[in-house]
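Before we start, here is the structure in question, set down as structure tokens.
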Number of protein chains: 2
Amino acid sequence: MQLASTAGSPEGRPSGRPVSRQVLADHVYEELLASLMDGRLEPGAAVSIDGTARELDVSPTPVREALARLEHTGMVRRVALKGYRVAPVFTREDFAELMEARLAIEPVNARLACARLTPSRLAELTQAVTDLKDAPRGPTFAEFRDYLEADERFHRLIAEQTGNQFMVAAYAALGGQIQRFRLFGGVGITDADHAIAEHQAVLDALSSGDSEKAAAAMAEHVRMVRGRAIADAPAD
Amino acid sequence: MQLASTAGSPEGRPSGRPVSRQVLADHVYEELLASLMDGRLEPGAAVSIDGTARELDVSPTPVREALARLEHTGMVRRVALKGYRVAPVFTREDFAELMEARLAIEPVNARLACARLTPSRLAELTQAVTDLKDAPRGPTFAEFRDYLEADERFHRLIAEQTGNQFMVAAYAALGGQIQRFRLFGGVGITDADHAIAEHQAVLDALSSGDSEKAAAAMAEHVRMVRGRAIADAPAD
DNA sequence: CCGCCGCAGGTCCTATAGGATCTGAACATG
DNA sequence: CATGTTCAGATCCTATAGGACCTGCGGCGG
């Protein structure tokens, strides 16, 4: 088994990955996803297949495949013969619907995760909350990027800890939207102190082993997020 | 604005769709999805890109795009540089997880749908239950195909009736798996009489306007499905 | 008889070419 | 001035070509 060297690239990989070779479409997918998550692509902006291919210096074929995958996540939308566009900005109704969905799913995740929590996973969750507390919260995006990442990681870890592939899939279908909303929903991280306290409460409930308490703490957290966003968000 | 005539097709569309032209990749996607839903592609079977392209008489490019979309539904799985395979058979654990996820999502859907049920939607739901009762239940697949379709339609209509795009997405992520399990999970439609009664109960609760009752009826239905499947399914 | 090697076919992956369509702007006309 | 037309560029969509990799099979040496 030798390293992949699909194209010329005569200099070889820096310290080549031994296995799990990567396909160009995967690279394009991750690149586009990062652009969407980081807000480099604004809602409504067109995502040209040919243009992206030129920008990433690949052919349109892998870009087309990456975008086809992205479409199913709701981050981009496609119109036949017209191309892809970044999904439009969230309205208040969208936000209310998203929170309703989170309320249906995340407390269940917390309850299931609590029942089979392992020490190593608990450590990861604790680390996420610690990162949340330590993350800078400056005004520019670069400065609260780590905060958002830790927040998303906390919720995703709980979903994964359920051990239920379908609950993970259901959360993943929402997770990207949650992240996107944080960027463009009009509410910054003015609620950091409250949010950190709520995350800590969820973590405490989980480590106590009381499933119902964990579910309740998560439900309370989501409700509080909803309440603060409604209070802060500008009228649309 | 004129009709699409992408390829030769000199005879034109039978009664051409005025708008919403179709792209080859869409056609391939629907064709593959139908094959998966109908069980023509068995779990674990390889889905060759080139082979599918030859079979449908198109180039590999649209097939690749269609498969990229299908991957995100969980119906097929992809291994880099090795191709796509139909997702493997459900185990008992998979089934238990799927039912857990349904229990988290579908009662919420019933409650939300109940709160904003329109007469026309109620008529559609009633029709679905009627179709369920009238559908043949013979031993061969062709004979209970309509039964499965009506069953899936009933649940999907409720999800759509919530008016919540995220709950629809969450259900859709499960819907395909539910359908697939019905085909290969080892349990046929021996439970039709019970299932029909439960669907009727959900419908009655919905039309009564009692949201909590609707949610309870749906939860009961899912629990009963789980119970019957566990009783019927062979040990794996 | 058993293991190794080369080869052919199939498959995946990417790039490229070319036809069809959309978009926007310049231009002509009432 | 308003409106319709034309045209060029960009874009989408599909087909095709070719390189890299895997797999199975027949032949050869031990």
Side-chain angles (χ1 to χ4, degrees), chain A residues 1-13 16-32 41 44-71 76-86, chain B residues 1-13 16-32 41 44-71 76-86:
Chain A
M1 184 81 68
Q2 47 187 350
L3 297 178
S5 64
T6 307
S9 76
E11 70 280 9
R13 294 292 177 278
R17 300 198 191 88
V19 287
S20 81
R21 285 159 307 173
Q22 188 115 343
V23 171
L24 268 190
D26 294 342
H27 179 68
V28 174
Y29 180 87
E30 288 171 14
E31 202 71 27
L32 284 173
L41 290 172
V47 183
S48 155
I49 295 175
D50 292 355
T52 304
R54 281 191 297 271
E55 192 172 344
L56 298 180
D57 197 37
V58 297
S59 82
T61 309
V63 176
R64 180 173 293 276
E65 186 171 332
L67 282 170
R69 285 187 229 166
L70 272 176
E71 185 195 1
V76 300
R77 293 188 178 162
R78 167 177 159 288
V79 178
L81 300 178
K82 286 197 58 178
Y84 292 87
R85 306 192 80 87
V86 182
Chain B
M1 186 79 70
Q2 46 188 350
L3 296 178
S5 64
T6 307
S9 76
E11 70 281 7
R13 293 291 176 281
R17 300 200 190 88
V19 287
S20 83
R21 281 157 308 175
Q22 190 117 342
V23 170
L24 267 190
D26 294 342
H27 180 68
V28 175
Y29 180 87
E30 289 171 12
E31 203 70 27
L32 284 172
L41 289 173
V47 182
S48 156
I49 294 176
D50 292 354
T52 304
R54 282 192 298 270
E55 192 171 344
L56 299 180
D57 197 37
V58 296
S59 82
T61 309
V63 176
R64 178 173 294 277
E65 187 172 331
L67 281 170
R69 285 187 228 165
L70 271 177
E71 185 195 359
V76 299
R77 292 188 181 162
R78 167 178 162 279
V79 178
L81 300 177
K82 287 200 58 178
Y84 293 87
R85 306 192 81 84
V86 182

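Residue numbers begin at 1 in each chain, while the letters A, B, ... track the order of the sequences. Heavy atoms only: backbone and side chains are in, while hydrogens, waters and symmetry mates are out.
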Checklist entry - For the side chain of A:Pro60, counting heavy atoms from C-beta on, which of D:dT14, C:dT16, C:dC13 is nearest? => result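 Side chain of A:Pro60 sits closest to C:dT16.
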
Checklist outcome for this item: When rounded to whole Å, the NE2 to P distance for the pair A:His27 and C:dT14 reads 11 Å

Next on the checklist: How many whole angstroms separate atom CG of A:Asp50 from atom P of C:dG19?
Outcome noted: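 From A:Asp50 CG to C:dG19 P: 16 Å.
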
Item to check | Nearest listed nucleotide, side chain of B:Pro62, among C:dC13, D:dA15, D:dT16 | outcome: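 Nearest to the side chain of B:Pro62 among the choices is D:dA15.
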
Item to check | Presence of B:Ser59 side-chain N/O under 4.0 Å of D:dA15 phosphate oxygens OP1/OP2 | outcome: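 Yes, within the criterion.
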
Item to check | Which nucleotide in C:dC12, D:dT16, D:dC12 has an atom nearest any side-chain atom of B:Thr61 | outcome: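 My answer, after comparing the listed nucleotides, is D:dT16.
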
Checklist entry - Picking from D:dT23, C:dC13, C:dT16, which would you name as closest to the side chain of B:Lys82? => result D:dT23

Checklist entry - Between C:dC13, D:dA15, C:dA15, which one does the side chain of A:Val58 approach most closely? => result C:dA15

Item to check | Audit row: B:Asp26, B:Arg69, side-chain contact (heavy atoms from CB on, under 4.5 Å) steps and yes/no | outcome: CA-CA 10 Å; B:Asp26 294 342; B:Arg69 285 187 228 165; 3.0 Å; yes

Checklist entry - In whole angstroms, how far is the P atom of C:dT16 from the CG atom of A:Leu24? => result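 For the pair A:Leu24 CG and C:dT16 P, the rounded distance is 12 Å.
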
Checklist entry - For the pair made of CZ in A:Arg64 and C1' in D:dT14, what is the distance, rounded to whole Å? => result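 Distance, rounded to whole Å: 8 Å.
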
Item to check | Side-chain N or O of A:Arg54 closer than 4.0 Å to phosphate OP1/OP2 of C:dA15 | outcome: no

Checklist entry - In whole angstrom, what separates B:Asp26's CG from D:dC13's P? => result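 From B:Asp26 CG to D:dC13 P: 9 Å.
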
Next on the checklist: Please report the distance, rounded to the nearest Å, between CZ in A:Arg78 and P in D:dT11.
Outcome noted: 18 Å

Checklist entry - Just to confirm, is there a sub-4.0 Å distance from OP1 or OP2 of C:dG10 to any side-chain nitrogen or oxygen of B:Ser48? => result no

Checklist entry - Do A:Arg85 side-chain atoms and A:Gly44 backbone N/O form a donor-acceptor pair below 3.5 Å? => result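 Yes; judged by distance alone, with no hydrogens or angles, the pair exists.
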
